[in-house]
Amino acid sequence: MVMFKAAFVREWRLLARQKADWLNPLMFFVIVLTLFPLGIGAKPNLLAEIAPGIIWIAALLSVLLGAERLFKEDFRQGTLEQLVAADEPLFAYVLAKITSSWCSTALPLLFISPLIALLLGLNAAAWQAIVLSLLLGTPLLNLLAALGAALTLSADKGGILLALLILPLYIPLLIFASAAVDNATLGLDYSAQLAVLAAMLCLAAALVPLAVLKALRLNVG
Amino acid sequence: MFKWLDPYAKPETLYRICGLWFPWLMTLAVLTLLLGTVWGLGFTPADYQQGDSYRIIHIHVPAAIWSMGAYSSMAIAAFIALVWQIKVAQWAVGAIAPIGAVYTLIALLTGMAWGKPMWGTWWVWDARLTSELILLFLYLGVIALSGAFADRQMGAKASALLAVVGVVNLPIIHFSVEWWNTLHQGATITKFAKPSIDPSMLWPLLLSILGFALLLAALTCLRLRTAILLNEQHRPWVRALAQQSDQKGNVPQTNAGRTV
């Protein structure tokens, strides 16, 4: 717990000083979203229809964008090596990393989601579904991104490889999250999709940190 | 309980065993594949609905079945490698992955070739097709990761971990894709419902399935032998082997000896 708190506070300090780390993915998210109307034409009906998919694809790309840096700096400086060698539980460090990366990349998306809903012509019900699905879905994005980052930590071409490894694993999330928003735009019940998202989150939260731990030990040890 | 398995985990022993098995497996694979495909493509009656084009089933179905079979065996090997830290199991992951990827590709391509005359289109976003495509991506991820490190051992370990993660995800992906499909569109194109297949078609199909399995086993043996030699190249037993084949002046049974 002490370890978790220390690592978490450290991450927040770093984020406060390096604002680009959380601002850039956010800007990326907004820019990708504006590209779609420009690319396919600004037809309000069409936009509202494909909005759920677009929002989720933009969200997972922006999380992926920040993923590579997650352990990179600590690995290069040797902090990670010291942590692996130390008695302090590495598990707490991994959890703190994932939590703070969620706070820095996914939480801002939640705050600007009303704006996004307006831009794409979604109604209030759809916005609510976006918020709920982002709340349940983005931690999963961060967990899997952390796994990818840990696996490719000492690889030669980490960045693009990370995307190749992790994107297929995002497919179930993309399906259920966009289905939830889709149902909301049609005025249907979407609690089933949210329940599946929550189930996937529980499973991932239980197993992924262990795999991240294993991957970090592999890369450092 | 599994103590009797321990000696087989020794690279040298496994190299010999694979060398012993390979010719038998390969011969049997070639025989069954020849028999199955010639029988299936040339001598079974044509389908009453699909005519002759259904015959691609003798390649498509075995490849599809063993693309998944190869992934499960790869994941089992990866699990063994991670839990019991057995090196040869790590190398087995790298040995199986490309074979499985090629099987998946064969299944996809023959499926497309079959889909064109039957469904009128090369590709449908059908649940089965989509999950097979994702399976290919998972294979490519494992292969890409194993080659991404300067240290070969590191790559083998990381890709073993990824294979295990992938196998946990596979059922989730499969079911979500199935559900996605039923959510988004009804059955616009009804799949060829197999009316309990006629024995005259079933036997060659079973032979081909067996043939693809034997081929998978044979190629795995061959690739595993190469991997063992490559990873153990500084060990005395590999050096002795290389010297032996040099003295004989002939190329060893596999080209693997040359990499030493």
Side-chain angles (χ1 to χ4, degrees), chain A residues 49 52-53 140 143-144 146-180 182-183 186 188 190 192-193 196-197 199-201 203-204 206-208 210-221, chain B residues 71 75 78-79 81-83 85 90 97 101 104 125 127 130-185:
Chain A
E49 199 177 320
L140 201 56
L143 280 163
L144 289 173
L147 178 61
L151 272 175
T152 57
L153 195 53
S154 62
D156 297 334
K157 293 183 188 69
I160 189 73
L161 185 64
L162 169 66
L164 287 182
L165 302 185
I166 295 305
L167 282 177
L169 304 182
Y170 279 167
I171 288 165
L173 176 64
L174 180 65
I175 287 170
F176 287 107
S178 50
D182 228 12
N183 275 13
L186 297 173
L188 299 172
Y190 54 88
Q193 281 86 344
V196 175
L197 282 182
M200 290 197 292
L201 176 59
L203 186 71
L207 295 179
V208 171
L210 294 175
V212 174
L213 202 62
K214 178 89 192 169
L216 283 181
R217 290 230 166 91
L218 278 182
N219 273 285
V220 174
Chain B
Y71 199 93
F79 186 77
L82 286 181
V83 175
Q85 306 282 329
Q90 267 170 33
T104 317
W125 288 98
T130 315
S131 33
E132 189 75 8
L133 184 65
I134 297 168
L135 184 68
L136 180 64
F137 292 154
L138 290 178
Y139 270 125
L140 293 182
V142 171
I143 297 169
L145 189 62
S146 69
F149 296 89
D151 176 10
R152 209 183 299 120
Q153 294 301 327
M154 185 52 237
K157 279 180 194 162
S159 59
L161 188 55
L162 185 69
V164 172
V165 172
V167 89
V168 174
N169 252 279
L170 215 50
I172 302 176
I173 292 175
H174 181 77
F175 285 111
S176 55
V177 166
E178 217 151 84
W179 203 40
W180 157 75
N181 189 253
T182 52
L183 262 182
H184 276 235
Q185 59 194 64

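Below, chains carry the letters A, B, ... as their sequence lines are ordered, and counting in each starts from 1. Below, all heavy atoms of this structure are taken into account, side chains as well, without hydrogens, waters or symmetry copies.
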Query raised in the report: How many angstroms lie between CG in A/Leu218 and CG in B/Asp151, if you round to the nearest 0.5 Å?
Result: 10.5 Å

Query raised in the report: So what's closer than 4.5 Å to chain B heavy atoms on A/Leu147: side chain, backbone, both or neither?
Result: side chain

Query raised in the report: Can you name the closest pair of heavy atoms from A/Leu161 and B/Ala148 and give their distance?
Result: CD2-CB, 3.4 Å

Query raised in the report: Just how far is it from atom CG of A/Leu165 to atom CZ of B/Phe137, taken to the nearest 0.5 Å?
Result: 13.0 Å

Requested in this report: Using a cut-off of 6.0 Å, state whether more than 12 heavy atoms not belonging to A/Ile160 lie near its atom CD1.
Outcome: no

Query - Under 4.5 Å from a heavy atom of chain A, the part of B/Leu82 involved - result: both

Report task. Nearest 0.5 Å please: distance from the CG atom of B/Leu133 over to the CD1 atom of A/Ile171. Result -> 8.0 Å

Report task. Could you pull out the closest heavy-atom pair between B/Ala158 and A/Leu151, with the gap in Å? Result -> O-CD2, 3.6 Å

**Report entry** Side-chain heavy atoms of A/Leu203 within contact of B/Ile172, under 4.5 Å
**Finding:** yes

Report task. Find the distance between CG (B/Leu170) and CG (A/Leu169) and round it off to the nearest 0.5 Å. Result -> 10.0 Å

**Report entry** Distance-minimising heavy-atom pair for B/Leu161 and A/Ala211
**Finding:** CD2-O, 3.7 Å

Report summary line: Tightest non-hydrogen contact, residues B/Phe149 and A/Asn219, listed as CE2-OD1, 3.6 Å

